[in-house]
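These figures come from a predicted structure and were not determined experimentally.
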Amino acid sequence: MKNFDAIVIGAGQAGPSLAARMVEKGMKVALIERKFLGGTCVNAGCMPTKTLVASARAAHVARSGAAYGVNIPGEIAIDMKVVRARAETVTMNARNGLIGWLTGMDGMSVIYGHARFEDPKTISVNGETLTAPRIFLNVGARPVIPDLPGIHDIDYLTSTSIIQLDTLPRHLAVIGGSYIGLEFAQMYRRFGAEVSVIEHGPKLASREDEDISDAIAEILRAEDIGVHTDAGNIAFAGNGSGVSVTAGSATIDASHVLIATGRTPNTDDLGLDAAGVITDKRGFITVDDRLATNVEGIFALGDCNGHGAFTHTSYNDFEIAAANLLDGDDRKVSSRIPAYALYIDPPLGRVGMTEKQARQSGRNIMVSTRPMSRVGRANERGETKGFMKVIADAETKKILGAAILGIEGDEVIHGLIDAMNAGTTYPALQWSVPIHPTVSELIPTLLGDLKPVQP
């Protein structure tokens, strides 16, 4: 049996950084990863997909050149092999960087293999047993495959396998109208495929306010993407050219099918029962406000704990654990203000409550919206789709939430994220002097237009 001060299982966004911090403190640490260092973000998520998004945007801008006085003769051709190779290069550079960083540390043992609990302090991997007083789980999540009629009779893609495509689908059917599915839908439409989005629920991006969801659908339809909401009785059947997809009253002849209906945590094969670690009914590991499980010495970070499904929330879990366990701090998950982005083009940047959530909270709220067509930078760039929206508490003057669906919305939202984390009231922001011409310069104007609404 090998003894360590800590064992980290999973090398996503939280695990490696936490392991490195512990090694810096003089601890002996085992970092166990059954596949690739970097987790979903580096290998199948943010880095490759946003690289693909960039290629798709380049194609879109090239096709739009004439509107800007830039004439490109002939059709815009997409070389999917080059597109895929570029994404793979970005992934491999990041992964290899992690390998060099982690394996070069004295006190760090990087072990590739499938880890399982033998008891609350003991892990088996590759036929060996390891023990430590503290064990950290950063095992992530994977695409969930719904049990839909005919799904097991077809070859379908997931968000992991689709990034390996080096040919262009004739017609891509995207099952699921949430964030991952929508990004791939627009991306492949811009590459030149026909695309249909099929969503069982009544609207796309269901956690957003209805006006945001409607605007997202309008953006996609403007690029000739088929949007099918309220699509009941989704089913699949093979045909001569690919897959026949039934969605309510519609039938779609697709060459490829992407299943993007959510993710499930990688907790079903860790031997959690042997350790006595509790999960919820969906398999997410139950943790307290400081990321501790019900078993002393065992912590869960990242996607597997159900407190965020983003790279930045996973990394923040590392920051919370490191601050509390290594720096004598007392940081809590509940102090985190939720923020995220949807990387269609234009992107959606979101922070805090939606208007619906704010109304349901019983607060007296104020709301302001501004179309991107009234933003100078958007007009200058010829990208005026979407709008800005902010929600504030009428009594405390604190900003409760915001959504910026529009050009550079994923960057502009950070001004409001920072203000909310600092506890700044919205009147204070109205006196800032922004840079012109930017999208962010409209934030004080947006706040100045806040009006009371009925709860």
Can you tell me how far the [atom1] atom of [X] sits from the [atom2] atom of [Y], to the nearest 0.5 Å?
X: Ser17; Y: Met22; atom1: OG; atom2: CE; value: 10.5 Å
X: Thr279; Y: Asp268; atom1: OG1; atom2: CG; value: 10.0 Å
X: Gln13; Y: Leu301; atom1: CD; atom2: CG; value: 12.0 Å
X: Arg95; Y: Asn43; atom1: CZ; atom2: CG; value: 4.5 Å

Minimum side-chain heavy-atom gap [X]-[Y] below 4.5 Å:
X: Ile252; Y: Ile198; answer: yes
X: Arg189; Y: Leu220; answer: no
X: Asp230; Y: Glu199; answer: no
X: His307; Y: Val333; answer: yes
X: Met366; Y: Val390; answer: no
X: Leu37; Y: Val42; answer: no
X: Ile259; Y: Pro146; answer: yes
X: Ile9; Y: Val139; answer: yes

Considering residues at least two apart in sequence or located in another chain, which fulfil the side chain to side chain contact (heavy atoms under 4.5 Å, CB included) criterion with Glu383?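 So Glu383 forms a side chain to side chain contact (heavy atoms under 4.5 Å, CB included) with Arg57, Tyr68, Asp345, Arg381, Ile407.
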Who pairs with Val90 by side chain to side chain contact (heavy atoms under 4.5 Å, CB included), at least two apart in sequence or on another chain?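 Expected list: Met47, Thr51.
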Give the minimum heavy-atom separation between [X] and [Y], together with the two atoms involved.
X: Asn379; Y: Arg374; value: ND2-N, 4.3 Å
X: Ile216; Y: Ala205; value: CD1-CB, 4.0 Å
X: Leu52; Y: Ala87; value: CD2-CB, 4.0 Å
X: Ala392; Y: Tyr426; value: CB-CD2, 3.8 Å
X: Ile225; Y: Ala185; value: CD1-O, 3.9 Å
X: Lys356; Y: Asp209; value: N-OD1, 3.0 Å

Side chains of [X] and [Y] only: does a donor on one sit below 3.5 Å from an acceptor on the other?
X: Ser196; Y: His171; answer: yes
X: Ser334; Y: Asp289; answer: yes
X: Asp317; Y: Asn305; answer: yes
X: Asn324; Y: Arg290; answer: no

With a cut-off of under 6.0 Å to the ring centre and 45° to the axis, is Arg207 in cation-pi contact with Tyr340?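 The answer is yes, since Arg207 meets both limits relative to Tyr340.
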Step through the shown structure and confirm whether more than 12 heavy atoms of other residues, nucleotides or ligands are within 6.0 Å of [atom1] on [X].
X: Asp106; atom1: CG; answer: no
X: Glu223; atom1: CD; answer: yes
X: Glu380; atom1: CD; answer: yes
X: His200; atom1: NE2; answer: no

Tell me whether [X] is salt-bridged to [Y], with the criterion being a basic N under 4.0 Å from an acidic carboxylate O.
X: Arg363; Y: Asp393; answer: yes
X: Lys385; Y: Glu218; answer: no
X: Arg359; Y: Glu355; answer: yes
X: Glu408; Y: Arg377; answer: yes

Using a 3.5 Å distance criterion without hydrogens, assess whether the side chain of [X] forms a donor-acceptor pair with backbone atoms of [Y].
X: Thr293; Y: Val277; result: no
X: Glu75; Y: Ala77; result: no
X: Ser206; Y: Lys203; result: no

Hey, what's the ring geometry for Phe191 with Tyr188, parallel, tilted or perpendicular (30° and 60° as the breaks)?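 Ring orientation of Phe191 relative to Tyr188: perpendicular.
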